[in-house]
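Working notes, beginning with the structure itself.
The structure displayed is predicted, hence computed values, not measured ones. Residues: numbered from 1 along the sequence shown.
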Amino acid sequence: MADGFLSPEGIFYEKTEAYHGETARRILGGDGKNTDPLSELIRGGYLAMIEFRAPNGSVSLQPDLDYIIGKREGRLTKLQKEWLEKHRDELTRHQQYTINMDQSGIFRSMEISNVKMYPACDTCPIKAERMAWCEGRDVEEPQLCRVCDKI
């Protein structure tokens with residue numbers, strides 16, 4: 001799964017250390033004394049893909065907390081967009097949800113999958129089940145609710 005940092009050049013650096021800050025320091029190089037390496041990478045145009053899993057684990061421990069962030073007012077590079085589209089299945093469902101639901105940030109012009117809630121979902125009788133699936137808490141995608149034509 002995608003747990004690490006995606007450079008503006010489309011190179012993915014997997015988190016192999018125990019903490020994301022250690023991975024960020026490895027990417028930045030230098031003396032390793034940077035006090036806020038994650039922010040430094042994000043300011044430099046990297047995307048931080050955070051998945052809550054045990055070190056060397058393959059299963060997300062808190063799938064509803066997984067996320068992906070980038071510079072708020074930034075723009076995705078062409079290479080980052082290509083990587084995200086090509087590796088969509090490596091993103092957790094909640095990371096996909098984060099991208100799809102972004103209306104004003106760095107992912108505002110991107111939708112990569114059907115992991116999304118729509119305005120009509122507010123009246124949907126299976127809203128709770130759909131949200132649990134979007135957050136990765138449920139394995140099976142809910143059946144079509146037939147309330148809206150979006151899903």
Side-chain angles (χ1 to χ4, degrees), residues 1-28 34 36-122 124 126-145 148 150-151:
M1 298 310 263
D3 193 21
F5 299 89
L6 180 61
S7 76
E9 297 78 30
I11 300 168
F12 181 70
Y13 296 90
E14 185 176 5
K15 180 187 88 135
T16 55
E17 295 80 2
Y19 301 102
H20 289 90
E22 293 172 355
T23 303
R25 284 188 184 90
R26 172 174 48 93
I27 296 166
L28 289 168
N34 188 317
D36 195 3
L38 277 77
S39 294
E40 182 82 20
L41 285 179
I42 291 170
R43 278 193 294 276
Y46 281 72
L47 299 179
M49 300 178 193
I50 311 298
E51 183 181 358
F52 290 91
R53 60 181 172 172
N56 300 322
S58 60
V59 177
S60 186
L61 299 174
Q62 293 289 327
D64 58 324
L65 298 179
D66 296 343
Y67 62 95
I68 178 171
I69 57 172
K71 192 173 179 181
R72 185 98 185 116
E73 297 300 321
R75 296 264 185 226
L76 292 173
T77 67
K78 179 182 178 203
L79 295 171
Q80 285 173 323
K81 285 181 184 180
E82 288 173 0
W83 190 95
L84 290 168
E85 289 167 354
K86 182 178 179 184
H87 298 273
R88 177 189 73 189
D89 292 338
E90 295 173 34
L91 300 172
T92 67
R93 271 192 308 244
H94 201 257
Q95 289 171 334
Q96 292 177 41
Y97 177 78
T98 301
I99 291 170
N100 292 338
M101 295 303 292
D102 187 4
Q103 299 296 313
S104 60
I106 193 167
F107 304 109
R108 62 188 158 272
S109 62
M110 187 168 205
E111 187 172 319
I112 62 171
S113 67
N114 68 333
V115 182
K116 188 169 180 174
M117 296 285 282
Y118 299 91
C121 292
D122 283 335
C124 183
I126 62 166
K127 178 181 178 181
E129 292 95 44
R130 182 143 186 90
M131 194 66 226
W133 180 75
C134 288
E135 292 177 341
R137 291 180 284 126
D138 279 350
V139 176
E140 304 253 347
E141 183 175 5
Q143 294 294 319
L144 296 177
C145 64
C148 67
K150 300 295 184 189
I151 17 182

Whether the side chain of [X] engages the backbone of [Y] through a donor-acceptor N/O pair (distance < 3.5 Å, no angle test) should be reported.
X      : Y      : result
Arg93  : Trp133 : yes
Asp66  : Phe52  : yes
Gln80  : Gly45  : yes
Asp102 : Ser104 : yes

> Do Ile42 and Phe5 pass the side chain to side chain contact (heavy atoms under 4.5 Å, CB included) test, and can you show the C-alpha distance, the side-chain angles, and the key distance before you say yes or no?
Replying inline: CA-CA 9 Å; Ile42 291 170; Phe5 299 89; 5.8 Å; no
>> My understanding is that only residues two or more places apart in sequence, or in another chain, count here; which of them pass side-chain hydrogen bond (donor to acceptor under 3.5 Å, both in side chains) with Glu135?
In response: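 Arg137.
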> Who are the side-chain hydrogen bond (donor to acceptor under 3.5 Å, both in side chains) partners of Glu9, not counting sequence neighbours?
Replying inline: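 Glu9: side-chain hydrogen bond (donor to acceptor under 3.5 Å, both in side chains) contacts with Ser7.
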> Looking only at side chains, do Glu51 and Thr92 share a donor and an acceptor under 3.5 Å apart?
Replying inline: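 The criterion, which ignores hydrogens and geometry beyond distance, is not satisfied for Thr92 and Glu51.
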Can you measure from [atom1] ([X]) to [atom2] ([Y]) and round to the nearest 0.5 angstrom?
X      : Y      : atom1 : atom2 : answer
Gln95  : Ile68  : CD    : CD1   : 6.0 Å
Ile99  : Glu85  : CD1   : CD    : 10.0 Å
Arg88  : Ser113 : CZ    : OG    : 6.0 Å
Met117 : Asn100 : CE    : CG    : 12.5 Å
Met110 : Leu76  : CE    : CG    : 6.5 Å
Arg43  : Leu38  : CZ    : CG    : 10.5 Å

> Does Arg25 pair with Glu22 as a salt bridge, N-O distance under 4.0 Å?
Replying inline: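 Not counted as a salt bridge, because no side-chain N and carboxylate O are separated by less than 4.0 Å.
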So [Y] and [X], do their side chains get closer than 4.5 Å, heavy atoms only?
X      : Y     : result
Leu84  : Lys81 : no
Ile50  : Ile69 : no
Arg108 : Arg75 : yes

> Do any pairs count as a ring pair (Phe, Tyr, Trp, His ring centres under 6.0 Å) and have a residue in residues 75-98, sequence neighbours left out, and if so which ones?
Replying inline: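 Residue pairs with at least one partner in residues 75-98: Phe12-Trp83, Trp83-His87, His94-Tyr97.
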